[in-house]
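For reference, the structure is listed below as structure tokens.
A, B, ... follow the sequence lines: proteins, then strands. Residue 1 opens every chain.
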There are 2 protein chains.
Amino acid sequence: MTAVAGPEPSEPIPGATVARLPLYLRGLVDRSEAGVGTVSSVELADLAGVNAANVRKDLSYLHAHGTRGVGYEVDHLITEISLVLGGDEPNPVIIVGVGNLGRALSSYDGFVAGGFPVAGLVDADPEVVGRRIAGKVVRPVDDLGALVTETGSTVGIVATPAHAAQEATNRLVAAGIRSILNFAPAVVVVPAPVDLRQVDLATELQILGYHQHRRTDADPVMSRVAG
Amino acid sequence: MTAVAGPEPSEPIPGATVARLPLYLRGLVDRSEAGVGTVSSVELADLAGVNAANVRKDLSYLHAHGTRGVGYEVDHLITEISLVLGGDEPNPVIIVGVGNLGRALSSYDGFVAGGFPVAGLVDADPEVVGRRIAGKVVRPVDDLGALVTETGSTVGIVATPAHAAQEATNRLVAAGIRSILNFAPAVVVVPAPVDLRQVDLATELQILGYHQHRRTDADPVMSRVAG
DNA sequence: AGACGCTTGTGCACTATTTCACATGACACG
DNA sequence: CGTGTCATGTGAAATAGTGCACAAGCGTCT
């Protein structure tokens with residue numbers, strides 16, 4: 001007797017695969033809007049910029065089967081992937097820190113489109129609290145708990161300066177947030193049951209810097225640019 | 001010129017390692033400012049949120065040796081890593097697209113701190129061109145070539161809407177940009193010699209969504225929150 | 001001078017991920 | 001209804017990345 005309870009224990013999907021699913025989803029939505037009914041793994045691979053075999057293996061983890069000789073049904077696959085990526089319902093998020101970045105994120109369309117509407121804004125600066133940004137009033141940090149309850153949010157975004165990131169994170173966790181996306185350039189720690197992802201903008205540039213530096217170093221002839 | 005054949009072909013550093021170097025660098029700078037002279041791999045691992053053995057192996061790729069029984073010399077290591085990550089000189093960047101996100105990036109302190117000062121802003125919208133943002137005048141897309149020459153930029157940031165991302169990328173490439181950081185929620189392609197990294201904000205949330213959804217699914221009892 | 005404690009550097013095993021290669025099955029067409 | 005074409009699904013090999021465990025080296029203290 002393996003498992004009695006639940007429709008499936010559904011073995012976890014590899015992290016690398018999960019990270020690609022949103023890309024597939026985006027490509028699929030695009031195709032769906034273009035009226036296309038099916039896509040092959042090759043097309044989808046192009047859309048996402050990965051290898052076709054990889055696409056097929058990824059989709060096999062979802063138990064999202066295609067039709068041999070034809071491909072995958074676009075709309076069905078959209079449903080399937082959406083379901084895996086946090087259910088079909090919108091997942092409201094709360095942003096802590098409405099500096100430059102926080103403000104930009106507050107009105108970032110992609111969040112809504114991706115099923116993560118911004119439900120609340122919070123800032124520690126009394127100067128900022130009360131202002132209206134992207135149609136929402138910024139509330140004090142102490143309101144976090146209430147805000148989480150009101151909005152039913154389970155996802156928080158940290159967009160504070162680096163030195164305030166851990167504190168902001170702690171507050172979010174205390175308020176009952178279950179997943180945190182940290183944009184502050186600082187490593188933060190969270191208790192086990194909370195999920196965390198770091199997005200470090202400057203770091204991305206530095207990574208690019210390595211490759212560029214390396215190339216320049218290795219190959220002095222680099223004045224040629226494809227026409 | 002320096003490199004005849006180079007002092008070393010210097011075997012490439014694994015991508016996973018390169019991605020961690022900026023984290024180490026940040027931690028090291030922090031410690032340096034705190035007046036600390038040396039760090040152990042364990043401390044550095046804490047600072048970056050990774051395994052200590054991993055730190056040591058990473059640093060070994062840089063040929064950045066530490067002292068047994070003591071640790072790594074902070075300032076020396078900073079120099080070493082900075083050098084690997086695109087040289088010691090600032091690397092000016094140009095931002096294409098000054099919508100919400102572009103504006104936020106224009107004044108993002110982390111870029112300057114990371115050695116990537118914003119040297120120019122460009123937008124396709126005539127309405128926006130000419131405006132002053134973060135102390136810089138937004139210039140038309142057609143000025144890209146000139147701007148690259150003037151500023152000596154080799155790095156470009158795409159912060160346009162998705163539908164304009166490929167076009168923006170093409171323009172950057174044509175202007176002689178060598179590395180591109182794409183924030184638009186779209187897969188873009190670049191010719192071989194150009195380096196590209198994608199940062200997709202909504203995607204990050206969706207990845208978090210998977211884990212959360214999965215957990216909620218697997219464990220219906222989740223009303224308990226640590227007090 | 002010698003012994004001790006601390007920390008590096010790295011071989012090795014293990015895990016994760018990618019990619020190939022191909023058998024298998026589905027559809028369309030005559 | 002048989003045949004050809006196409007694209008999936010997947011075993012297995014190749015590749016990448018992680019983390020353990022320990023020998024070796026450095027500095028300090030007596």
message: Please report the distance, rounded to the nearest Å, between CG in B:Asp58 and P in D:dG19.
response: 11 Å
query: Yes or no on side chain to side chain donor-acceptor pair (under 3.5 Å) for B:Asn91 and B:Thr154, after CA distance, side-chain angles and deciding distance?
result: CA-CA 7 Å; B:Asn91 222 330; B:Thr154 51; 3.1 Å; yes
message: Run B:Thr203 and A:Leu21 through side-chain contact (heavy atoms from CB on, under 4.5 Å) and show every step you take.
response: CA-CA 9 Å; B:Thr203 286; A:Leu21 291 181; over 6 Å; no
- request: Nearest whole angstrom, please: distance from the P of C:dT10 to the CG of B:Leu59.
  value: 12 Å
message: Among D:dG17, C:dC27, D:dT8, which nucleotide has an atom closest to any side-chain atom of A:Tyr72?
response: D:dT8
- prompt: What is the distance from OH of A:Tyr61 to P of D:dT10, rounded to the nearest Å?
  reply: 11 Å
Side-chain donor/acceptor contact of A:Arg68 with base of C:dT24 under 3.5 Å: yes
- prompt: Which residue, A:Val70 or A:Val50, contacts DNA chain C at a nucleotide closer to its 5' end, judged by nearest heavy atom?
  reply: A:Val50
- prompt: Considering only side-chain heavy atoms of A:Arg20, which listed nucleotide, C:dT18, D:dA7, C:dC12, is closest?
  reply: C:dT18
- line: In terms of heavy-atom contacts, B:Arg26 and A:Val187 come closest through NH2-N, 3.7 Å
- prompt: Between atom CZ in B:Arg56 and atom P in D:dC22, what is the gap in whole Å?
  reply: 14 Å
Any donor-acceptor N/O pair under 3.5 Å between C:dT19 base and A:Lys57 side chain: yes
message: Nearest to the B:Asn51 side chain among D:dG9, D:dG27, D:dG19, which nucleotide is it?
response: D:dG19
message: Near DNA chain D, counting only heavy atoms under 4.0 Å, which residues of residues 31-43 of chain A show up?
response: A:Ser40, A:Ser41
- request: Please report the shortest heavy-atom distance between A:Phe116 and B:Gln206, naming the atom on each side.
  value: CE1-CG, 3.6 Å
- prompt: To the nearest Å, how far apart are B:Leu62 CG and C:dT10 P?
  reply: 13 Å
- prompt: Is the shortest side-chain N/O distance from A:His65 to OP1 or OP2 of D:dT8 below 4.0 Å?
  reply: no
query: Between D:dT18 atom C1' and B:Ile13 atom CD1, what is the distance in whole Å?
result: 18 Å
- prompt: Would a 4.5 Å heavy-atom cut-off, applied to side chains only, mark A:Val118 and A:Leu105 as touching?
  reply: no
message: Evaluate B:Arg20 against B:Val50 for side-chain contact (heavy atoms from CB on, under 4.5 Å), listing each step before the verdict.
response: CA-CA 9 Å; B:Arg20 278 187 296 266; B:Val50 302; 3.7 Å; yes
- request: Rounded to the nearest angstrom, tell me the gap between atom CG in B:Asn54 and atom C1' in C:dC12.
  value: 15 Å
statement: Scanning both residues in full, the closest heavy-atom pair of A:Val199 with B:Glu204 reads CG2-CG, 3.6 Å
- request: Using a 4.0 Å heavy-atom cut-off across all strands, classify A:Ala16 as base, sugar-phosphate, or nothing.
  value: sugar-phosphate
- request: Using whole Å, report how far CD of B:Glu73 lies from P of C:dT7.
  value: 17 Å
